[in-house]
Amino acid sequence: MRGALIRRTLGKVLFECKSGFFQSSFSRRTYMAAVCTKLGQPLEVQELKSKEKLQPTEVRVAVKNAGINFADLLMANGKYQVRPKTPFTVGMEFSGEIAEVGSEVTKFKAGDRVVGIGKEGFATELVMQPEMLFALPHGIPYEKAAGMLASYGTALMALARRGQLKEMETVLITAAAGATGLAAVDVATSLYKAKVIAACGSTEKCNFVRERGAFATVDYNAQNLKDKVKSITDGHGADVVVEFVGGDMFMQCLKCMAWEGRMVVVGFASGDVPQVPANLLLLNSMSLMGVFWGEYLKRKPKVLLDNIEEVISLCQQQYLDPYVGKVFPLAEVNEAFQYIQDRKSMGKIVLSMT
């Protein structure tokens, strides 16, 4: 994709404030945002009018960085579970500082560093309720924070709550060089001292995840996954599998599992949702489960909020170390999307608003 389309809708920009707000020649405060105007088409970086007056319970966030999640790509292409009506601003994960608070807000004050999950994160400012905003410790840079919550929250939920990972077990992680895959490698090795087998699509990515803590790697474009995993584990197989790809990769992973193994399905990056051969589950007393991290907010909000607070605490104490692979300016949001779609990314890809 080419560069993002720049649309000046509210007058000639005269200057840019440090907070990321813009002032137009019409004396209206404005901000920049990556907007999906038509599903499946490049995003447009537009200048939009800021909300003039906050509701008593709202806060305004001056966004510093925004993390790109695969769900953002799916949503912009109309392939996500939730399909907002166009036009809409993309982005669900961000970091920044509080610019303004409503009269009834006591949780935050102007100038506070925050990280959050919500809507319209690919923008220089956003207005929201403060429930999904969290205090950002000074030891965590904005760039890392922007890619911390969704990836590490999902990884921790998949391995701890769903997969019931135990110390020193063997974990097979597919798409292990991606943002959430790499977070799972970090969680498994750093918190559980697990023996991680990382499955990736190239030698470069295999070398990278080994540097990030994987015990062994499999290049699934050049090696047989089942044979390699069985060889690495002396025939035992993986106690836990965290699967992101779907399709044939899912089927291969089923054959890599140990007796009473547990597989956690996190996504279908291949676009192929597999059919489950239930006889394999029976014959090996295996467990197959999924994790939809964002859905916990609706069904079990305390579980999600505790999960997020734990991620922040673990990162603050440096037990976990989020990796930012590349930072793109907001104006190059489409190039960032293409970079991920071309499978060039390793770790989290982040947007900068400055």
Side-chain angles (χ1 to χ4, degrees), residues 148 151-200 205-220 223-245 249-250 252-267 280-281 283-291 293 303 306-307 309-323 346-347:
M148 179 175 65
S151 294
Y152 273 83
T154 299
L156 189 61
M157 193 82 77
L159 288 166
R161 182 179 177 87
R162 304 296 288 139
Q164 295 290 304
L165 180 62
K166 302 177 182 65
E167 284 195 6
M168 306 304 294
E169 284 191 314
T170 299
V171 184
L172 171 62
I173 300 170
T174 62
T180 310
L182 192 63
V185 172
D186 194 8
V187 169
T189 56
S190 299
L191 302 185
Y192 292 92
K193 309 305 178 187
K195 185 180 291 186
V196 171
I197 303 172
C200 305
K205 290 182 177 180
C206 285
N207 292 337
F208 169 70
V209 294
R210 191 184 289 273
E211 292 174 358
R212 299 292 298 178
F215 169 77
T217 59
V218 182
D219 180 349
Y220 46 65
Q223 299 170 302
N224 181 281
L225 184 64
K226 176 188 173 182
D227 291 347
K228 189 70 173 177
V229 170
K230 291 293 185 179
S231 174
I232 293 168
T233 62
D234 294 325
H236 176 77
D239 300 300
V240 176
V241 177
V242 184
E243 217 291 279
F244 294 90
V245 180
M249 180 62 60
F250 170 89
Q252 291 184 55
C253 286
L254 278 179
K255 299 174 183 178
C256 293
M257 294 171 66
W259 173 263
E260 292 192 330
R262 294 92 70 198
M263 182 190 291
V264 185
V265 176
V266 182
L280 291 182
L281 305 181
L283 292 174
N284 291 289
S285 293
M286 298 186 303
S287 300
L288 177 63
M289 66 203 81
V291 61
W293 184 75
V303 171
D306 288 348
N307 168 268
E309 294 286 4
E310 185 175 8
V311 167
I312 294 172
S313 176
L314 289 167
C315 290
Q316 179 186 17
Q317 297 175 72
Q318 299 183 353
Y319 289 115
L320 298 175
D321 182 24
Y323 179 86
M346 291 188 286

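Treat the numbers as computed from the prediction; the structure is a model and nothing was measured.
With M263 as reference, M257 is the one residue of M257, M289, M286 to meet the side-chain contact (heavy atoms from CB on, under 4.5 Å) rule.
The CD1 atom of I197 lies 6.0 Å from the CG atom of L172; values are rounded to the nearest 0.5 Å. How far NE2 of H236 is from SG of C256: 12.5 Å, rounded to the nearest 0.5 Å.
Annotation: side-chain hydrogen bond (donor to acceptor under 3.5 Å, both in side chains) contacts of N307 (sequence neighbours excluded): W293. A search for side-chain hydrogen bond (donor to acceptor under 3.5 Å, both in side chains) contacts involving D306 returns K302, not counting sequence neighbours. Listed by chain and residue number, S313, Y319 satisfy the side chain to side chain contact (heavy atoms under 4.5 Å, CB included) test with Q317 (two or more places apart in sequence, or in another chain).
For the salt bridge (Lys or Arg N to Asp or Glu O under 4.0 Å) condition, no pair includes a residue of residues 231-245, sequence neighbours left out. Sorted by first and then second residue, the side-chain hydrogen bond (donor to acceptor under 3.5 Å, both in side chains) pairs involving residues 182-196 (not counting sequence neighbours) are Y152-D186, D186-S190. Within the structure, the salt bridge (Lys or Arg N to Asp or Glu O under 4.0 Å) test picks out the following pairs touching residues 157-183 (sequence neighbours left out): E169-R262.
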Output side-chain donor-acceptor pairs under 3.5 Å for residues 153-160, partner residues at least two apart or in another chain, one line each.
unit_1 : atom_1 : unit_2 : atom_2 : d
T154   : OG1    : A150   : O      : 2.7

With a cut-off of 3.5 Å and sequence neighbours excluded, list every side-chain donor-acceptor pair involving residues 206-213.
unit_1 : atom_1 : unit_2 : atom_2 : d
N207   : ND2    : T203   : O      : 3.4
R210   : NH1    : F215   : O      : 3.3
R210   : NH2    : T217   : OG1    : 3.4
R212   : NH2    : D321   : O      : 2.9

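The shortest side-chain heavy-atom distance between T174 and C253 falls under the 4.5 Å cut-off. A 4.5 Å side-chain heavy-atom check between F250 and V265 finds at least one atom pair inside the cut-off.
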